[in-house]
Amino acid sequence: MMEVIGIWIACGLTIAILSFLYGDNPIYKFAEHLYVGYSAAYWLIYIWHFEIKQMVVQPIAGRQPGAIWLIIPLFFGLLMLTRWFPRIAWVSRWSIAFTVGIGSGLVLTGGVQGFIIPQVKATLLSLWTGNVWESINNFIIIFGVLTTLLYFFFSREHKGILGAGANIGIVFIMIAMGASFGYTVMARISLLIGRLSFLWDSILRLIRFF
Amino acid sequence: MLQRRIPLLITFLTGVIIVITFFIPHPPFGKLQDDALVWYSIILGFSMLIGVDSLLRFHYRRIARREKGFGFSFVFYAGFLACFITGIISEIKFGDAFAEGTSFRYLYDYILVPLQSTMFALLAFFVASASYRAFRARNFIATLLLITAVIVMLGRIPIGAKIPGITPLTDWILNYLQLGPARGIRIGIALGAISMSLRLILGIERTYLS
Amino acid sequence: MMILLILSLSVKAFDTPNDGGGSITIEVVGLNGDLKNGYVYRNSMEDTTFELRGLISRTSYKYVDDGAENGKEYLYKVELEFDDTTLTLFTGPVSAKAQWYDPTRTSVLIFLIIFSGFVLWFIQLARKNPEGLFIRKIPALDAIDEAVGRSTEMGKPTFFIHGLSGITDAGTLAALTILRRVSSKVAEYETPLIVTNYDPIVMAASSETVKQAYAEVGKIDNFNEKNIVYLTYEQFGYTAGVDGLMIRENPGAVFLQGYFYAESLILAETGHSVGAIQIAGTTAATQLPFFIAACDYVLIGEETLAASSYIGREPVMLGSVKGSDYGKLFIMIFIGIGVIFATIATILNIKGNSILMNAFNTFMGWL
Amino acid sequence: MIWEKLTKIDRRYIFLFIGIVVLLPIVFNLKVSVKISDEVLSAYKEIDNLPKGSAVMISIDYDAASMPELQPMLKAILRHCFKKELKVILINFWPLGVPIGAQGLEEVAREFNKTYGVDYINLGYRPGDVAVMLRMGIDIKKVFYTDLSGRPLDSLPIMNNIKNYDDIGILVGLEAGAMGDAWIQYVGTRFKQKIILGVTAVMAAEQYPYLQAGQIVGLIGGLKGAAEYETLVNIPGTGLVGMASQTYAHLTIIFFIIIGNISYFVLRRKGKKK
C-alpha cells in the first residue's frame, strides 16, 4: 500500500516538473519549493551522517590515533560560524583562506600529475608509423593540440603566425564543441526515455491495482 | 592585519605544505593530501549550517511579510521538515538514516528521486530547442559547429549506420578530430588553474579579501 | 618441465618503495600462471615460529605485507603450491622503512619548478617594469559592463549564478573575480544583484566579495546580504530553485560562472526564455558546447581563469599570465621535440634499429 | 511569411514533438538493431579474455538521475561476468547509488543462480572518495571491514584471494560524474590498474583522450553503448528498446535544425532583395 501511495506521489511530482515546459505555474512552484526544502534538509542529514558522524565523532569517540589533528578543521569550521555575527563575520575569511589553500595545493600537484603529464605523454606520437592513415591521424591529433593551445595564448596579440595558428585552433575547438553537443543529445534523450518509461510503467501498474 | 594579512598567510602556508608533502611519503606527511580532503568536508559541514539558516530565514521572512507567493514558502517548510524529522528519527532508530526500510529512505525514493530525474530529463527538451535556435549556418565557424553536431547525432543512432560513411566519419571525428582540441582545452584549463593557484598561494589573487 | 620451472623460481623480499613505511613486498620471480596457492609466512627473528600473513596474488605474483614495523628485521617463508608439488622458499632478513622522497614523482616536481619559475620570473619582471604588458581581447569580459548597463536601462535585476564547484576549484575563484567586477558595476548603477549559491563556503566568499565591491564605490549602505542566496547542496534542487527565481525576478542580465554539470543547459535555456543577455564561463569542458549554443558570450576554459588579470590589468597579474603563456610554450616545444624524437625512433625501429625506441620508451616510463 | 513564423516558433511545439516521438516506442515496445563500436568491443574483449575465476570490481558512481543510461550497462556487464564465471565485487562511491547497484546485482545474480559471498559480493559505500580508493590499493579489507549488510569480509570465501588491486583483473567504473577521473588519476596511474569506464553519453566524448592514452582499456558510452554491450552478450534489455526512442528523437531534432536553416536562408535572401 505504501508503495502504491509512493508511486502516486512520484508520478505527480514527475508531471509537476514537466509542467515547467509549458511555463511557470502553481504546480511547478509547488514541486520547486518542496524540492528545495527537501533537498536542503537532505544534505544536512547527509553531511551529519557521512562526514561529521563518521569522520569527526566516531574517530574522536573511538580515540583513534591521529584524531587529535581533527582539531584543525574543527577550529576553522567553528570560525566559519562567525558569519552569524556581522561584527566579527570577517573572521570567517580565515576559514575561507584555509580551504582556498587546500584547493590551491591540490590543484598544483594533482593538475600536473593527473592531467598535464599523462595528456602530454599521450600526445608524443610518431608522425610516421608505417601506416599512412595512422600517421595522418596522429598528425591531426598533434596539430589539434598545438593550435588549440595557441588559441589560449593571452599575452600576445593574435596576429601573424600566432593569429593564423589561433584561428585554426578555434576551428578545431568548434568541431570539438559540435561533436560533444551531438554526442550528448543521445544522453539527454535517454533521461527522458527513463522518465517516460517510469510514467508509463506506473500507469500500467496503477491500472492493474484498481 | 587580522582581516587581510592573516588569511593570506593561512592560504600561503596551507598551499605550500600541501604541495611539499605530495613528494614525501614518510609519515605523517604522506597521507596529508587525503586528510586535507576530509578536513575540507568538515569545514563544508559547518558552513552548511550558515547556508541552510539563511534559506530558512528567507522563507520565514516571506511568510511573516505576506510577500507575493508566500504560500509556497509553507510548502518549502513542509518539505524541509518532512526530510529533517524523518532523517533524525531514522538516524536515532536505525543508526543509519540511509539504510533500506527507513522512513527517510521512503521519502528519498518517492520524492527526491522523481524530482531529481525529471529535472534532469528536462534537458531532452532544452537540447532540442537550443539546437533549433543555435545551429544556423550564419558563418563558417557556426556552420562547422552545426555540421559536426548533425553528423555525430546521426552517427550515434542505428539508422546512421545505413547512410554510407556516417559511422566511420563519426568514429573518426570522436577518436581523432576532436581529440586534439579536447586535450588542448583541458591542458589549457589545467595550466590556467595551476597559474591561478600559484597566484593564490603568493597572495596576488585575493578577490574575496580586498 | 616442472623441475626446470622450479629451478628458475626465486623469491625476493624488499621494502615497498616510495611509501610511508610499514610495508614489505614479497615477490616471486619466474612464475608463469601455474600457481595454485602461495602462502606467505613471517618470522620476527625473536623466536622460531612463522606466522601466516597472506596469499601471493595470482596476477602480480606479489604479496604486500603492511603489518611490518619500521626498522624491525623479518624473515619470510613462502610456500608455493602447484598441481603436483609444493615448494618452500625463504628470504630475508628484510626491514621496512619510510621514504622521504618519492622519485616516481620527479617529473611532476620538475614540471612544477619550470612552470612556477616562468610565472615567478615574469611577475618579478612586471614589478620592475610594469609598462608594455599586453593581454589579448576577451570579448565576453568586455561585455560585462554592457550587460549590466542594459539590464539597468530595462529596470531589471542582474543575476549571478555560481556553478556547483566548491571554493577549492580554480574555476570558482575565477567566478568570484568576475563577480567582483559585476558587483562594482551594479553598485555604481544601483541596480539589484542576486547571487545564487550552491556551496555554502562559496556563499560566504561571495558575500565578502560583493560587500567589498560596494564599499569600494562608496555604496556600502546599498549592500543587502539577503540577495546572496543559498539554495541547496543538491544539483537539480539548485537548478529548480534558480529556474524559479529567474522566471519570477525576470533578470536583464545573467552570469553563469564556475564549474557546471548537466544543469548548464537548463539554466541557460531558462535565462534565454526570459530574454536576458547571458555571459557564461566555465572550466567544465563538457558543458562548453551548451553555453556556446545558448548564451550570448562564453568564456572558453582557460579564458575564465585569465579573467582576473584581464579585468584588473594589474602588472603582476599580467606578468603571471605571461609566465603561464611561457609555460604553455614550454609544453608545446616539449611536445614538438618529443614528436620528432618519437618519429625518428619509430622510423629507425622499422628499419631494425631499436636503440632510440628503447630510449624513448624508457623516457615515457619515467614520465 | 510561413518562414518568418517558423523562425519565431514557440519552443513549446518543439517540446511537444520530442515528447511524442520518445513516448511512442515505449508504449508500443519498438526495438532497433545496433552496430558495435570499437571501444565497446575492446571493453567486451578485455572482460571476455579474463581467466575463469578472476575478479572484476564494478564501481557504482551514479545515482537515480543517471540510472536510465548506466543501469542497462551494469546489467549487461554483470550478465557477461556471470556468464564467463568471473567473480564480481561491487562497490559504491555515490552513497545514493547503493540501493541502485544492489538492485541490479541481485536481479542479475538471481537470473544466473549465483551465490552471494562466493560468486559475488557487494561492499557498499565508505565515505572519503579518493582516500578510500588509495587505501584499497593497500588492503581492501582495511577499508571495507564488512560488506553492505555488515558481514565481516573474512567470513566470505570470495575475498580469500583478494587483497588489493593486484588481485582485481579489471575495474569497471560506471560514472556519472568526476569519479572516473579519480579512478584514472589515482588508481590507474598509481596502481597500474586496468580500467574500463562506462559513462553517460555526455561524458563519453571527454574520455577519448584517456582511451587513446591507454589510461582506460575500454569505453562504454551512454544508452547506445549499453545496447551494443547487450548485443555482444546476446541478452537484449532496456538498452535496445531505448534506442528506438533515441532514433526518432534524433531525427526530429535534425528535422528541426534543417527547417531552422531553410527559414534562415529564405529570410536572408528576402532581406537582401529589400
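Values below: every heavy atom of this structure, side chains too, minus hydrogens, waters and symmetry copies. In what follows, chains are A, B, ... by sequence order, proteins preceding strands, each numbered from 1.
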Which atom pairs, donor and acceptor, lie under 3.5 Å between side-chain atoms of residues 46-57 of chain B and protein residues at least two apart or in another chain?
| unit_1 | atom_1 | unit_2 | atom_2 | d |
| --- | --- | --- | --- | --- |
| B/S47 | OG | B/I43 | O | 2.7 |
| B/D53 | OD1 | B/R57 | NE | 3.4 |
| B/D53 | OD2 | A/W84 | NE1 | 2.8 |
| B/D53 | OD2 | B/R57 | NE | 2.9 |
| B/D53 | OD2 | B/R57 | NH2 | 3.1 |
| B/S54 | OG | B/G51 | O | 3.2 |

Quiz item: With a 4.5 angstrom heavy-atom cut-off, which part of A/F181 approaches chain B: side chain, backbone, both or neither?
Solution: side chain
Practice problem: State whether the side chain of B/T11 and the backbone N or O of A/A97 hold a donor-acceptor pair below 3.5 Å, judged by distance alone. | Solution: yes
Output a table of donor-acceptor pairs, distance under 3.5 Å, between side-chain atoms of residues 134-143 of chain A and any protein atom two or more places apart or on a different chain; print 'none' if there are none.
| unit_1 | atom_1 | unit_2 | atom_2 | d |
| --- | --- | --- | --- | --- |
| A/E134 | OE1 | A/T129 | OG1 | 3.4 |
| A/S135 | OG | A/T129 | N | 3.1 |
| A/S135 | OG | A/T129 | OG1 | 3.4 |
| A/S135 | OG | A/N131 | O | 2.6 |
| A/N137 | OD1 | B/W172 | NE1 | 2.6 |
| A/N137 | ND2 | A/W133 | O | 3.4 |
| A/N138 | ND2 | A/S126 | O | 2.9 |

Quiz item: Which atoms of A/I15 come close to chain B, meaning under 4.5 Å heavy atom to heavy atom: side chain ones, backbone ones, both, or neither?
Solution: neither
Practice problem: Identify which part of A/W43 has an atom lying under 4.5 Å from any heavy atom of chain B, answering side chain, backbone, both or neither. | Solution: both
Quiz item: Contact part of A/A16 toward chain B, heavy-atom cut-off under 4.5 Å: side chain, backbone, both or neither?
Solution: neither
Practice problem: Give me the ring orientation class for A/Y42 and B/F104: parallel if the planes are under 30° apart, tilted from 30 to 60°, perpendicular past 60°. | Solution: parallel
Quiz prompt | Interatomic spacing from CE in A/M174 to CD1 in B/I141 - rounded to 0.5 Å | solution = 6.0 Å
Quiz item: So A/K53 and B/E91, side-chain contact (heavy atoms from CB on, under 4.5 Å) or not? Walk me through it.
Solution: CA-CA 11 Å; A/K53 191 166 115 187; B/E91 192 75 352; 2.8 Å; yes
Quiz item: Within the side chain of A/Y38, is there an N or O that forms a donor-acceptor pair under 3.5 Å with the backbone of B/A78?
Solution: no
Quiz item: Taking the six-membered ring for Trp, is the centroid-to-centroid distance between B/F72 and A/H33 below 6.0 Å?
Solution: yes
Quiz item: B/L144 and A/V171: side-chain contact (heavy atoms from CB on, under 4.5 Å), yes or no, with the steps?
Solution: CA-CA 8 Å; B/L144 272 180; A/V171 166; 3.3 Å; yes
Quiz item: Where on A/I72 is there a heavy atom nearer than 4.5 Å to chain B: the side chain, the backbone, both, or neither?
Solution: side chain
Quiz item: Quick one: what part of A/L191 sits under 4.5 Å from any heavy atom of chain B, side chain, backbone, both or neither?
Solution: both
Quiz item: Which region of B/F140, side chain (C-beta onward) or backbone (N, CA, C, O), has a non-hydrogen atom less than 4.5 Å from a non-hydrogen atom of chain A, or is it both or neither?
Solution: side chain
Self-check item: Between B/Q178 and A/S180, a side-chain donor and acceptor under 3.5 Å
Solution: no
Under 3.5 Å, sequence neighbours excluded: what are the donor-acceptor pairs made by side chains of residues 186-198 of chain B?
| unit_1 | atom_1 | unit_2 | atom_2 | d |
| --- | --- | --- | --- | --- |
| B/R186 | NE | D/E206 | OE1 | 2.9 |
| B/R186 | NH2 | D/E206 | OE1 | 3.3 |
| B/S195 | OG | B/R199 | NH1 | 3.3 |
| B/S197 | OG | B/A193 | O | 2.8 |

Quiz prompt | Aromatic ring pairing B/W39/A/F98, orientation class (parallel under 30°, perpendicular over 60°, tilted between) | solution = parallel
Exercise. Output yes when a side-chain donor or acceptor of B/Y77 lies under 3.5 Å from a complementary backbone atom of A/G37, and no otherwise.
Key: no
Quiz item: Within residues 117-126 of chain B, which positions have a heavy-atom distance to chain A below 4.5 Å?
Solution: B/S117, B/T118, B/M119, B/F120, B/A121, B/L122, B/L123, B/A124, B/F125, B/F126
